[in-house]
Amino acid sequence: MAVNTFVKDCDDPNPLIRALAVRTMGCIRVDKITEYLCEPLRKCLKDEDPYVRKTAAVSVAKLHDINATLVEEQGFLDSLRELLGDSNPMVVANAVAALTEINESSSTGKPLIEMDTATINKLLTALNECTEWGQIFILDNLSSFNPKDDREAQSICERITPRLAHANAAVVLSAVKVLMKYMEMMGQDTDFVTNISKKLSPPLVTLLSSEPEVQYVALRNINLIIQKRPDILKHEMKVFFVKYNDPIYIKLEKLDIMIRLTSQANIAQVLSELKEYSTEVDVDFVRKSVRAIGRCAIKVEQSAERCVSTLLDLIQTKVNYVVQEAVVVIKDIFRKYPNKYESIIGTLCENLDTLDEPEARASMIWIIGEYAERIDNADDLLESFLDNFNDENSQVQLQLLTAIVKLFLKRPTDTQELVQQVLSLATQDSENPDLRDRGFIYWRLLSTDPAAAKEVVLAEKPLIAEETDLLEPTLLDELICHIASLASVYHKPPTAFVEGKVGLKKMLPARAGDTDSEQEAAGATIIPEPG
């Protein structure tokens, strides 16, 4: 009875009643009702009133979710395609939204409806007159389209660029996503790409004057953008300086971006800011600021000396957590520039008693073991850690074992007793299998072939990388295609947090000038996700 009423209401003279009837029928998720919905839905898709047509477009997506085969057999997909050329921009936007949802639920991993140049032109025409949501749907759809050549890509970019001045942050980020994808197709050196890069900077900077929540989303997206194209914001360092009233999550994100944008040109400015941050009251923020100074030293070699000097100044403040973080980052600086800043080891050893965190203690032990031949009382310093060996964190125990073995290999005559003590503690008294195994390996090496032990334990270590926290390139390319979505905030692909959908995997297209094989690999822009 109810269904018959809805079917009758689809012929009501009032367009609001017609639209509500078709919407309600689409929301009743019962298979038996779907066959009654087909005829009214077909009429509403061709209705003279745009409000009815736009409601019917969304109902097609709902019906597809209930019975995909029925939608394809009844020709509703073709009707939706026709609505893409509708005179009303809201109808176009809803048709795009419905098609996007249908494509994403594709079980084959391929879109059910491919976009062509004529359709894209219709969408671009509707773009200027849509509501904000409509613009986002259209821009998201454009980001899935692969232009046939540079000229077409440039034409689309020119028509999208005005969206960068929109008041809504979601529209701006959606436009950025499309431009980032098309820029990838056009190669690096073209004047057009350079111009687009310059145009991307102001809207991204403007987003940082919004409320904190929007700022955070913008910063997470900017983090991805500058990993892909650091040139876009290389002259905008000052906007990422932390304000006193920023929430902690904004401060930490800004700090991360500052490090990514640090270069020889702006290092002095950045260091003075970081030194200032290191005297703040927020402990987490101070720790990250101290660590950031170390990352600057590793990233910009010419500034390493200045960074080390700044870290020594911070150690002199005797603030416990500042000293501990400074010791951790100095260990990384030693690994990047071996045999260069050993003169500061004396200052570090003076603060040995204040270290109570496992990472800081382990870092200090590593420094003593690595430079044991230059520290006169290295054996006494390491022996002081042995008193509470069984109570130490496993990270400290492993580091202490290795450091004492290094010391023994460098000064075998006066440290034999010490190495015997640590080996028996590691192999006999410990319940940690990692520590026990390492102890046995060292014991056998030292007892059978001390020369081989020297080669293994004192081998030259590879230098640490400048940026160890960069995203893996293929993941970064995928996340660039998901700018303005949750994936770009989590920095994880959608499959990592959305369950149960196969969906379409988006990837950046091949860059102009790539080899054929690379183009073939990158050109497969839509592939099925594992279930």
| query | Should R295 and D256 be marked as a salt bridge (Lys or Arg N to Asp or Glu O under 4.0 Å) after you check the CA-CA gap, both sets of side-chain angles, and the distance that decides it? | reply | CA-CA 10 Å; R295 283 173 65 187; D256 211 27; 3.3 Å; yes
| request: Go through the steps for E357 and R287 under the test salt bridge (Lys or Arg N to Asp or Glu O under 4.0 Å), then give the verdict. | output: CA-CA 13 Å; E357 292 173 12; R287 284 178 180 278; 2.4 Å; yes
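Under the 4.5 Å side-chain criterion, counting only non-hydrogen atoms from C-beta, Y182 is in contact with F145. Side-chain atoms of N141 and F137, non-hydrogen and from C-beta on, never get closer than 4.5 Å to each other. Side-chain contact check for F241 versus K254: every heavy-atom pair is 4.5 Å or farther apart. When side chains are defined from C-beta on, L274 counts as touching L255, because their heavy atoms get closer than 4.5 Å. By the 4.5 Å heavy-atom criterion applied to side chains, E213 and V217 are not counted as neighbours.
E273 and Y277 share a side-chain donor-acceptor pair at under 3.5 Å. Side-chain polar atoms of D150 and Q154 form no donor-acceptor pair below 3.5 angstrom. No hydrogens or angles considered: nothing links the side chains of S303 and Q264 as a donor-acceptor pair under 3.5 Å. Defined by atom type and a distance below 3.5 Å, a donor-acceptor pair is missing between the side-chain atoms of N88 and R53.
R163 and E132 are not joined by a salt bridge, as no carboxylate oxygen comes within less than 4.0 angstrom of a charged side-chain nitrogen. Comment: K177 engages D140 in a salt bridge, judged by a side-chain N to carboxylate O separation of less than 4.0 angstrom. At a threshold of 4.0 Å, the pair R291-E359 counts as salt-bridged, since one of the basic side-chain nitrogens sits closer than that to a carboxylate oxygen. In summary, D477 and K228 engage in a salt bridge, as defined by a charged side-chain N under 4.0 Å from a carboxylate O. With respect to the salt-bridge test (charged N to carboxylate O, under 4.0 angstrom), the residues D49 and R18 do not qualify.
Within 6.0 Å of CD in E276 there are 12 or fewer heavy atoms belonging to other residues, nucleotides or ligands. Atom CD of E48 is surrounded by 12 or fewer heavy atoms from other residues, nucleotides or ligands within 6.0 Å. Counting heavy atoms of neighbouring residues, nucleotides and ligands inside a 6.0 Å radius, atom CZ of R159 exceeds 12 of them. Taking a 6.0 Å sphere around NZ of K492, one finds it holds 12 or fewer heavy atoms contributed by other residues, nucleotides or ligands. More than 12 heavy atoms of other residues, nucleotides or ligands shown are found within 6.0 angstrom of NZ on K336.
S309 contributes no side-chain N or O that, together with a main-chain N or O of E305, makes up a donor-acceptor pair within less than 3.5 Å. Side-chain N or O atoms of H491 include none that pairs as donor or acceptor with a backbone N or O of L479 at under 3.5 Å.
Here ring pair (Phe, Tyr, Trp, His ring centres under 6.0 Å) pairs that include residues 210-233, with residues two or more places apart or in two chains, are Y216-Y249. Counting only residues at least two apart or in different chains, side-chain hydrogen bond (donor to acceptor under 3.5 Å, both in side chains) contacts with residues 233-245 comprise S201-E236.
Partners of E301 according to the side-chain contact (heavy atoms from CB on, under 4.5 Å) rule, which considers only residues two or more places apart in sequence or in another chain, are Y337, K340.
Both tests hold for K251 against F285: distance to the six-membered ring centre under 6.0 Å, angle to the ring axis within 45°.
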